[in-house]
Amino acid sequence: VTILNNLIKLYGIDSKIKEALEVFDFIKIEGHMPPVSSYNAILSALVNMKRNSMAENMFTEMRGNGVRPNKETYTLMIQCMCRKGNLDGAISLLNDMIQNGCTVDVVNYTFVISRLCRRGRMEQASEIFDQMQKNGCEPNIVTYNSMIIGLCFVGRVEEALEWLNIIKSKDCKPNIYTYTLLVDNFCKVGRLDEAKEIFNEALTSGIKPNVVTYNALANGYCKEGKLDEALLLLEEMPQNDCMPDMITYTTIIYGLFKGNKILEALKLHDQMADKGHELSMKTLTDLFRRLCRDGYTTDAIRLFRKIEKSGHRHD
RNA sequence: ACCGGGCGACAUAGC
């Protein structure tokens with residue numbers, strides 16, 4: 001049966017629904033109720049293939065057959081419910097788990113909290129956050145980060161920042177995600193100075209900003225029209241062992257568009273081409289269109305030739 | 001039951 005279970009999971013990874021179900025049915029025909037492990041296998045396959053409704057039906061069938069879900073089953077079904085957008089369903093699964101004597105771990109709680117936070121359902125997120133602690137499960141940094149995302153999402157950035165201190169007062173250290181999140185969200189509400197402060201705090205507390213942190217900051221500068229600052233970051237990054245990536249360049253190029261600095265944008269494109277970075281075709285065509293629209297016809301043609309030479313298809 | 005290991009949760013541009 002173990003072998004058949006693994007086969008089902010492999011079909012799941014390969015998106016072969018029919019095959020997976022056939023193996024599962026075969027286990028049924030073998031005489032007895034499929035064991036939990038087989039239900040878990042088919043559920044895992046279905047969830048992998050995003051057949052969430054089928055997974056839900058399978059779960060119902062399983063319970064109807066008197067097969068007790070275990071921790072793995074619940075972990076899968078929580079994922080399934082969240083993907084369907086049925087967060088209340090996910091919450092009641094958490095409660096079911098406890099009633100069935102399964103240990104709900106920090107990842108289970110955090111997963112649900114994270115989905116609630118992404119939708120801004122902070123009351124429910126906080127409720128689970130409290131509940132997990134009552135059940136003896138301490139939040140970890142991912143849990144805190146999820147809560148911070150939620151607070152930012154609903155516009156409570158102040159509170160989000162306060163959580164940074166709360167985290168530090170527990171035996172839990174903020175990580176680069178924490179700082180990046182805060183930098184990004186302070187940028188997004190136009191509070192660049194504070195974003196920069198948070199950025200510096202990361203540095204002083206020994207957390208190295210990475211390319212994502214820089215990109216968030218660059219985006220903030222661009223959205224506020226501080227293009228020079230954004231361009232400065234490009235120089236600063238390599239000094240901090242961070243190489244700009246496609247997102248960095250894309251961010252700044254669109255920023256330059258908005259500031260009508262089309263030639264600067266083109267220059268940046270040439271620079272990155274020299275370093276072996278590429279832009280997406282979408283960005284390239286946007287650049288091309290802007291050059292045309294703004295009358296830089298020769299540059300546009302030059303760019304066009306370059307795109308052609310790079311051998312990509314273009315329209 | 002206990003121990004050890006693996007898997008599953010978090011951040012940035014454009015679309």
Side-chain angles (χ1 to χ4, degrees), chain A residues 6 9 12-13 40-41 43-44 47-48 70-83 90 94 103-118 125 128-129 132 137 139-153 160 163-164 167 172-188 195 198-199 202 207-223 230 233-234 237 242 244-258 265 268 272 277-287 289-290:
Chain A
N6 288 331
K9 288 186 188 172
I13 293 168
N40 288 344
L43 286 172
S44 144
V47 172
N48 253 315
N70 62 16
K71 183 171 160 59
E72 188 184 342
T73 322
Y74 282 114
T75 302
L76 286 163
M77 287 314 295
I78 287 172
Q79 245 182 295
C80 168
M81 288 301 181
C82 289
R83 284 208 191 147
L94 285 178
T103 53
V104 186
D105 67 23
V106 62
V107 176
N108 297 133
Y109 281 119
T110 303
F111 191 94
V112 177
I113 288 176
S114 159
R115 308 300 136 148
L116 288 167
C117 286
R118 280 191 206 174
I128 304 217
F129 184 83
M132 72 187 279
C137 182
N140 65 16
I141 188 56
V142 180
T143 322
Y144 287 114
N145 288 345
S146 303
M147 291 297 287
I148 291 179
I149 291 174
L151 289 170
C152 291
F153 183 82
W163 276 70
L164 190 56
I167 294 170
C172 182
K173 286 186 83 62
N175 62 13
I176 189 56
Y177 284 73
T178 321
Y179 285 108
T180 304
L181 265 164
L182 289 168
V183 167
D184 181 42
N185 283 289
F186 271 86
C187 281
K188 284 191 167 132
I198 297 164
F199 183 91
I207 309 282
K208 274 177 99 82
N210 61 20
V211 61
V212 181
T213 323
Y214 274 106
N215 289 347
L217 198 55
N219 187 41
Y221 284 138
C222 287
K223 292 275 145 67
L233 287 180
L234 278 181
M237 290 174 69
C242 251
D245 62 9
M246 190 180 73
I247 294 185
T248 323
Y249 288 111
T250 307
T251 305
I252 299 182
I253 284 179
Y254 279 101
L256 292 166
F257 283 175
K258 263 212 323 215
L268 199 51
M272 57 183 294
H277 288 289
E278 293 194 2
L279 284 173
S280 72
M281 198 34 100
K282 166 94 177 80
T283 313
L284 282 172
T285 49
D286 282 347
L287 178 57
R289 287 207 185 105
R290 283 298 297 253

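Letters A, B, ... are given to chains in the order of the sequence lines, protein chains preceding strands, and every chain is numbered from 1. Hydrogens, waters and symmetry mates are skipped; everything else that's a heavy atom, side chains included, is used.
Of all nucleotides listed (B:G8, B:A11, B:C10), B:A11 comes nearest to the side chain of A:Val212. Ranking B:G14, B:G8, B:A11 by closeness to the A:Val107 side chain, first place goes to B:G8.
When heavy atoms are screened at a 4.0 angstrom cut-off, A:Lys9 is found touching no nucleic acid atom at all.
Atom CD1 in A:Ile128 sits roughly 13 Å away from atom C1' in B:A9 (whole-Å rounding). Rounded to whole Å, atom P of B:G8 lies 18 Å from atom CG of A:Leu43. Separating the CE atom of A:Met246 from the P atom of B:G14 is a distance of 12 Å, rounded to the nearest angstrom.
With hydrogens and angles ignored, a donor-acceptor pair closer than 3.5 Å exists between the side chain of A:Asn210 and the base of B:A11. For A:Asn140 against B:A9, a side-chain N or O and a base N or O form a donor-acceptor pair under 3.5 Å. In terms of polar N and O atoms assigned as donor or acceptor, the side chain of A:Asp105 comes within less than 3.5 Å of the base of B:G8 in a complementary pairing.
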Under the side chain to side chain donor-acceptor pair (under 3.5 Å) criterion, do A:Asp184 and A:Asn219 qualify, and how do the steps go? CA-CA 8 Å; A:Asp184 181 42; A:Asn219 187 41; 4.8 Å; no
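When only modelled atom types and interatomic distance are considered, A:Lys71 and A:Asn108 share a side-chain donor-acceptor pair under 3.5 Å.
Using a 4.5 Å cut-off on side-chain heavy atoms (C-beta onward), A:Val107 and A:Val142 make no contact.
Between A:Asp286 and A:Arg290, no side-chain nitrogen of the basic residue sits less than 4.0 Å from a carboxylate oxygen of the acidic one, so the salt-bridge criterion is not met.
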